[in-house]
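Below is one structure; the comments refer to it alone.
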Amino acid sequence: MSASDISHAGPQPTQAVVLAGGQGSRLRPYTDDRPKTMVEIPGTGTPIIGHQLDWLAEEGVTDVVISCGHLAEVLQDWLAATELPLNVTTVVESEPLGRGGGLKYAATALPQPDEPWFATNSDIWTRFSLREMAAFHAEREATATLALARPRIPWGAVETDRFGHVLDFIEAPPSPYLTNAGIYVFAPEFAKLLPERGDHERTTFPRLARERRLAGFQIPQGAYWRAIDTAKDLMEAARELKPADGR
C-alpha cells in the first residue's frame, strides 16, 4: 500500500486506549510490585508501556487514555516522571470491569469521541504500520478491525509421511492459525456496542462478525509481535529482541 493509498483511505486515528488493568498473575514475581505493563524486557531499557507509547506516537497518535487497575499508582508515578512523546490520561477502574467494560469506560475519556480510535492490550510488544491498518479498516468500512498474528507454536513439531515415517523435526514452527493480536482500530460508534462489564470478544465481536462489520488485518510477515503473558515469554522476548536493538 502506497502513501497516497493511505492518505485517501479515511481519517487516520490520532487517539488510542491502552488496557492496563489486569492483575498479571502469570508474570509473578515480576508483577508483585508493578502492573504488567511496567515490566521491562531485559535489555530493552524501557517498560512495555514505554515502548507502546513511543510506537503509537511514531504512528501519528497524539492522545492516549490508559485504563489502569492493579497497582495503578506505580504506572501513574512513572508517567509523571517520564518525558512522554504524546498526551496521556489515566482512568482507574474502581472494580474490575473486564476487557469490554474497561474499553467502554476508557473510551469516555477520549478527546474526540466522534473520531476513530486505536486500542491495544498493555502486554503487547510489536512494531508494524498502524497507518496501514487504519487504511485497511476504512477501506472495508468496518466497525472494528483487529490485528491478526501468526505466533510460533511453543513446542517442536514432527513431520511424517502418509505411512507414518518420521521425516523431520521442526523447532517452534509458525501456527497454522491466525490469532487475535490484541491491537484494534474502532469506528466512533463502536464504544456504544461494548458491554458495561465483561469481555467484548464474547459479546460484541461475535455480533459484528455475524453482521460482516468486523475485519481482520494480518500483521505483515517479518514484523515482530509477542504477548508478554508469562516469565517464559519475558525471557524469550529478551533473547529475540537482543540482536535487533530492542525494537
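A quick note: this is a predicted structure, and the numbers were derived from the prediction, not measured. In what follows, residues are counted from 1 in the order of the sequence shown.
Inter-residue side-chain proximity for Thr89 and Asp63 is flagged as unmet; no heavy-atom pair is nearer than 4.5 Å. In this structure, His137 and Phe118 have side chains that are not in contact, with every pair of non-hydrogen atoms separated by 4.5 Å or more. Within the 4.5 Å cutoff, the side chain of Val92 has heavy atoms near those of the Gln76 side chain. Residues Leu86 and Val64 meet the side-chain proximity criterion, which asks for heavy atoms closer than 4.5 Å. Val88 places a side-chain heavy atom less than 4.5 Å from the side chain of Leu53. No side-chain heavy atom of Glu115 sits under 4.5 Å from any side-chain heavy atom of Thr14. Using a 4.5 Å heavy-atom threshold, the side chains of Tyr177 and Arg150 count as separate. Proximity of Pro116 to Pro188: side-chain heavy atoms (C-beta onward) are separated by under 4.5 Å at one or more points.
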Step by step, work out the side chain to side chain contact (heavy atoms under 4.5 Å, CB included) result for Leu130 and Val185.
CA-CA 9 Å; Leu130 289 175; Val185 187; 5.9 Å; no

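Counting only distance, with no hydrogens or angles, the side chain of Lys104 and the backbone of Pro195 share no donor-acceptor pair below 3.5 Å. Checking side-chain atoms of Asn180 against main-chain N and O of Gly182 turns up a donor-acceptor pair under 3.5 Å. Of the possible donor and acceptor atoms, none in the side chain of Ser67 sits under 3.5 Å from a partner among the backbone N and O of Ala20. Remark: side-chain polar atoms of Glu93 are not paired, donor with acceptor, to backbone N or O of Gly69 under 3.5 angstrom. Between the Asn121 side chain and the Ile124 main chain, no donor and acceptor come within less than 3.5 Å of each other. Of the possible donor and acceptor atoms, one in the side chain of Gln15 sits under 3.5 Å from a partner among the backbone N and O of Gln112. A donor-acceptor pair under 3.5 Å is formed between the side chain of Trp225 and the backbone N or O of Ala181. Counting only distance, with no hydrogens or angles, the side chain of Thr160 and the backbone of Val166 share no donor-acceptor pair below 3.5 Å. With hydrogens and angles ignored, the 3.5 Å screen pairs no side-chain donor or acceptor of Trp125 with any backbone N or O of Gln52. At least one donor-acceptor pair under 3.5 Å links the side chain of Arg140 to the backbone N or O of Phe136.
Between Cys68 and Ala72, the shortest heavy-atom contact is CB-CB, 3.6 Å. For Met38 against Leu75, the heavy-atom pair with the smallest separation is SD-CD1, 3.8 Å.
A salt bridge does not link Glu141 with Arg213: none of the charged nitrogens is closer than 4.0 Å to a carboxylate oxygen.
Taking CG of Asp161 as the start and CG of Asp168 as the end, the distance is 12.0 Å to the nearest 0.5 Å. Of the inter-residue distances, the one linking Leu167 atom CG with Ile170 atom CD1 reads 9.5 Å to the nearest 0.5 angstrom. Rounding to the nearest 0.5 Å gives a distance of 4.0 Å between CZ of Arg99 and CG of Asp199. Remark: Glu132 CD to Ile219 CD1 distance equals 12.0 Å, nearest 0.5 Å.
For Gln221, the CD atom sits in a loose shell: 12 or fewer heavy atoms of surrounding residues, nucleotides or ligands are nearer than 6.0 Å.
When hydrophobic clusters are built by joining Ile, Leu, Val, Met, Phe, Trp and Tyr residues whose side-chain heavy atoms come closer than 4.5 Å, directly or via intermediates, Leu56 is grouped together with Leu84. Both Met235 and Ile228 belong to a common hydrophobic cluster when Ile, Leu, Val, Met, Phe, Trp and Tyr are linked at side-chain heavy-atom distances under 4.5 angstrom.
For an aromatic pair to be called close, the ring centres must be under 6.0 Å apart, and Phe128 with Trp55 satisfies this.
The other residues sharing a hydrophobic cluster with Leu148 are Val17, Leu19, Val65, Val91, Leu97, Leu103, Tyr105, Leu110, Trp117, Leu146, Leu178, Tyr184, Phe186, Phe190, Leu193, Leu194, Phe205, Leu208, Leu214, where clustering joins ILVMFWY side chains under 4.5 Å apart.
Relative to the six-membered ring of Tyr224, Arg226 misses at least one condition, a distance below 6.0 Å or an angle of at most 45° to the axis.
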